[in-house]
Amino acid sequence: MAKTKNKVDIILKRAEKLFKAGNFLSAEKKFEQAQKQLNNIKIAQKLEICREKTKSVKGKDFVEKGHNALKKNKLPEAIAYFQQAEKLLNESWLSDKINDLQHKLTGDKISSEAQEAEASGEYIKASDFYTRAWEKNKNQNFLLKSALCLVKARSYQKATALFDKSNLPDDNAIYCYGFALVKTGKHYEALKLWEKLDTRDKRFVEQKWRILSLACSDVYDSFKSQTDINGVHHKAIDLLSLANVLGDTKLIAMLEGICTYCKLVLIETLWEQKNFVGIVDFLLQMAHFNDPAILALNAKTYFHLSREKSSFLGPMMTYWLTAIYSNMISAGFSDNPDKIEKIQHRLIRLSEEQINRHQNSRRAIYAASYLAIEKKLLKDISAVYQKQNQCSNQICTPHYASILGLSDTILDVIKQSKQEFKNPEHYLETGGYYSRAGEGLYALKTGDVKKALSVVEAIETSSIEDEFTHYVVRLVQFEFGQTALKNNEKSYLKYFALTSKLFESAPTIEKRFTDRILQCSDKQLLSYEKLLIFLYKQRPSDPIAEVCSFVMTQSAIIKYNRKKINNKQMKTVVEKALKIYPDNDLVLLTQENVNIFLENEIICNAMDKHKLMKAARLARQSTYPEVCDRYFELGEQMLEQISTSDLDITNQKIYLHDLLKACITVDPYHSVIDLINEELEFLGD
């Protein structure tokens, strides 16, 4: 008995030690062993504490075992472990987990039944099983399988309802959903869904084409009933995009007609509401339509919008003048041509008044400049069409021509009517506005030279084939070059590389340029000298030669007066200038003055060195009377110097005789000779 007691005591001591150490699970086992023999209240209390403390540990252990069972796909075992854990742990997720697993266990059983039904061809039954399985565990895969079974069972209406709830995980699901939609008559919806499929399978393309045809018929029927024009319009736009991809011209034509009519119906409603901004959205979609009614609608819409916002002045200018000069539109003004013209002028004044509403706006300034350009431009084009007896429906602003793809047509008319223009510049400038570089010409004519240059620089020079684009590129570079010259840019000459060709094609530009230089001040002339020499080497035309010769001479005179060059250098420049343009009166006069000056200087130097006969010979040989006159002026001065000098009479007589001999060889009857003789008589000769 004592031995048993000692053994229980050992167990209790061990239990107490474990309890104090916090090892409640091991302590619980020891207390249980002792309590079986002693049935003690204190031990029972300790057991209660240990059991409370070990609930969490045991519960977590069951959770871990449950997860391990799940990994092995042992659902019943996992459910049992989670149920044990639920008894020990006060955690709500365990209840949800158990329910999910029970649903899954049920779903798996149902799924197995569904698979058996599907394998045996009982698709409706299989679909029902899959639906029940989905309802049990919300697995999207069951929902998709149910829908696919319904497609196989040709129950398309129910199938689409299930597909609509599915997340459509792959191309097959998308295709089958579209197929079911087709079978229920929803052709448009099917095509929209199939846009997600990236396939070029020939059979699939043919299938889409057939369904597109059916969808177009649906839209046409809706269009005739006009139940929802806005909805019909959106569907027609989408189908038109697909028709363009498939290249069905017949369907494209039909859909374009429907789209246009829908837009016009919607525009009519917006016009009644004075929602002009909304109308613009539709007009932009119809920009490629060359239709008088749409043209007039554009003009009126932007006219209304430009009342309040200057940003609409540009679009108004694109359509307003075009509408005014449209033969089909202007024919509605009157039967009288004179009255039509008056109405056109009145409408143009309206656009001017509209621009003046925004006087301080930069857009208004540009619009006014564009209007000035385009009034003349359209007037010229109109005259060309009238002389050729052609229909004037193609008379339009360059921007409108670009939008409608009419630029080449108008350029062809301009080329065929070259003789109708007053000169080559007029011809090239008119075509230039309709060319690829037209925007650059507009910028140039409205004073934005930098923008003009950026436009023409963006054009690949090697790709330019027409004379009008060439003209604009050369003109812009020429004008920018003058700006660069004015700003003293070092590399300004590069902008004049094509100037010779510009002058060749439009001599009037060359004439204006050279005439302007002839009116320049001295300071400006110096800056032009290098440029003109450069241009003369490229194009030695009469206007360039004349102005180059003139500027070289004037520059030389300026430099000489500033003591930058000497007489000989001056003479060299003048000779070059005269060689460039022999008929230049200024150069001829300057050359004569330079020669007289140089000969006088040589004679003066000779007389200073007492080389009287040499000086006389030079004066005698000179073709200029002024040189001879200067020689005798110097002779008279020398006479006075001898007479007033400190020389004795003998030496004075010697010098006077030498001077007399020299002067006689030049002009024996000159008055200076009489003065010398009088002086010699006075000295007693």
Side-chain angles (χ1 to χ4, degrees), residues 295 299 303 313-327 329-330 333 337-338 340-356 363-388 390 392-403 406-407 409-435 437-449 451-452 455 467-469 471-472 475-476 479 502 505-509 511-512:
L295 169 60
F303 184 84
L313 287 173
M316 182 194 79
M317 296 308 304
T318 297
Y319 298 101
W320 192 255
L321 285 178
T322 303
I324 290 172
Y325 279 95
S326 168
N327 186 46
I329 293 175
S330 61
F333 298 161
D338 292 334
I340 289 175
E341 188 173 351
K342 287 180 181 179
I343 294 172
Q344 288 174 331
H345 287 314
R346 191 159 63 245
L347 289 170
I348 290 173
R349 282 199 300 274
L350 282 175
S351 67
E352 291 171 340
E353 291 170 6
Q354 200 78 314
I355 292 169
N356 291 334
R363 289 191 178 97
I365 295 171
Y366 275 110
S369 300
Y370 274 52
L371 180 60
I373 291 169
E374 291 175 349
K375 279 196 301 184
K376 181 179 180 302
L377 191 61
L378 266 64
K379 186 177 180 181
D380 291 342
I381 296 293
S382 180
V384 167
Y385 272 93
Q386 287 176 6
K387 287 180 180 179
Q388 290 199 353
Q390 291 193 31
S392 58
N393 287 336
Q394 305 302 332
I395 298 173
C396 58
T397 61
H399 189 205
Y400 185 84
S402 177
I403 293 172
L406 299 172
S407 300
T409 302
I410 295 175
L411 287 173
D412 286 340
V413 173
I414 293 172
K415 289 175 185 176
Q416 294 165 15
S417 311
K418 188 173 183 179
Q419 70 282 357
E420 304 296 340
F421 295 90
K422 59 186 179 183
N423 55 44
E425 181 186 2
H426 184 206
Y427 162 73
L428 291 169
E429 184 171 300
T430 303
Y433 284 110
Y434 292 92
S435 72
E439 186 184 351
L441 186 55
Y442 270 112
L444 180 66
K445 295 297 181 179
T446 53
D448 196 342
V449 188
K451 180 183 176 182
V455 170
E467 58 186 324
F468 303 110
T469 304
Y471 167 77
V472 177
L475 178 64
V476 168
E479 294 292 349
L502 172 68
S505 63
T508 47
I509 298 176
K511 188 68 171 65
R512 283 199 305 274

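Residue numbers run from 1 in the order of the sequence given.
In terms of heavy atoms, Ser435 sits closest to Thr469 at CB-OG1, 3.4 Å. Heavy atoms only, all atoms of each residue included: Ala323 and Ala299 are closest at CB-CB, 4.0 Å.
Between the side chain of Thr318 and the backbone N or O of His399, no donor-acceptor pair lies under 3.5 Å. Side-chain N or O atoms of Ser402 include none that pairs as donor or acceptor with a backbone N or O of Pro398 at under 3.5 Å. Between the side chain of Ser369 and the main chain of Thr446, no donor-acceptor pair closer than 3.5 Å is present. With hydrogens and angles ignored, the 3.5 Å screen pairs no side-chain donor or acceptor of Ser326 with any backbone N or O of Thr322. Within the 3.5 Å criterion, the main-chain N or O of Lys379 finds no donor-acceptor partner in the side chain of Ser382.
The aromatic rings of Phe303 and Trp320 sit parallel, their planes meeting at an angle under 30°, below the 60° perpendicular limit.
Expressed to the nearest 0.5 Å, how far CG of Asn423 lies from CD of Glu429 amounts to 9.5 Å. With rounding to the nearest 0.5 angstrom, the CD1 atom of Ile414 is 8.0 Å from the OG atom of Ser417. Expressed to the nearest 0.5 Å, how far CD1 of Ile355 lies from CZ of Arg363 amounts to 13.5 Å. Here Leu411 contributes atom CG and Gln416 contributes atom CD; the two are 11.0 Å apart, rounded to the nearest 0.5 Å. A distance of 13.0 Å separates CZ of Arg349 from CG of Asn356, quoted to the nearest 0.5 Å. Going from atom CG of Leu378 over to atom CD1 of Ile373 covers 12.0 Å, rounded to the nearest 0.5 Å.
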When you look at Ile509 and Tyr471, which way does the side-chain contact (heavy atoms from CB on, under 4.5 Å) test go after all the steps?
CA-CA 11 Å; Ile509 298 176; Tyr471 167 77; 3.7 Å; yes

For Tyr442 and Glu374, run side chain to side chain donor-acceptor pair (under 3.5 Å): C-alpha distance rounded to whole Å, both residues' side-chain angles, the deciding distance at 0.1 Å, then the answer.
CA-CA 10 Å; Tyr442 270 112; Glu374 291 175 349; 2.5 Å; yes

Show the numbers, then the answer: is there a salt bridge (charged side-chain N to carboxylate O under 4.0 Å, His left out) between Lys511 and Glu425?
CA-CA 12 Å; Lys511 188 68 171 65; Glu425 181 186 2; over 6 Å; no

Checking Tyr400 against Tyr319 for the ring pair (Phe, Tyr, Trp, His ring centres under 6.0 Å) test, could you report, in this order, the C-alpha distance in whole Å, the side-chain angles of both residues, the deciding distance, and whether it holds?
CA-CA 7 Å; Tyr400 185 84; Tyr319 298 101; 5.7 Å; yes

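Under the 4.5 Å side-chain criterion, counting only non-hydrogen atoms from C-beta, Leu377 is in contact with Tyr434. With a 4.5 Å cut-off on side-chain heavy atoms, Phe468 and Thr430 do not count as touching. Residues Cys396 and Ile410 form a side-chain contact, since some pair of their non-hydrogen atoms from C-beta on lies under 4.5 Å apart. Side-chain contact between Lys415 and Tyr427 is present, with heavy atoms from C-beta onward closer than 4.5 Å. The side-chain heavy atoms of Met317 and Thr397, taken from C-beta on, include no pair separated by under 4.5 Å. Contact annotation: the side chain of Val384 approaches that of Val413 to within less than 4.5 Å [non-hydrogen atoms, C-beta and beyond]. Counting heavy atoms from C-beta on, the side chains of His426 and Asp380 come closer than 4.5 Å. Using a 4.5 Å heavy-atom threshold, the side chains of Ser351 and Leu371 count as touching.
Taking a cutoff of 4.0 Å between a charged side-chain nitrogen and a carboxylate oxygen, Lys375 and Glu352 qualify as a salt bridge.
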Would you mind writing out the side-chain donor-acceptor pairs for residues 340-348 within the sub-3.5 Å range, not counting sequence neighbours?
| from | atom 1 | to | atom 2 | distance (Å) |
| --- | --- | --- | --- | --- |
| Gln344 | NE2 | Ile324 | O | 3.0 |

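When Val455, Leu475, Val472 are each tested for a side chain to side chain contact (heavy atoms under 4.5 Å, CB included) with Leu444, only one passes: Leu475.
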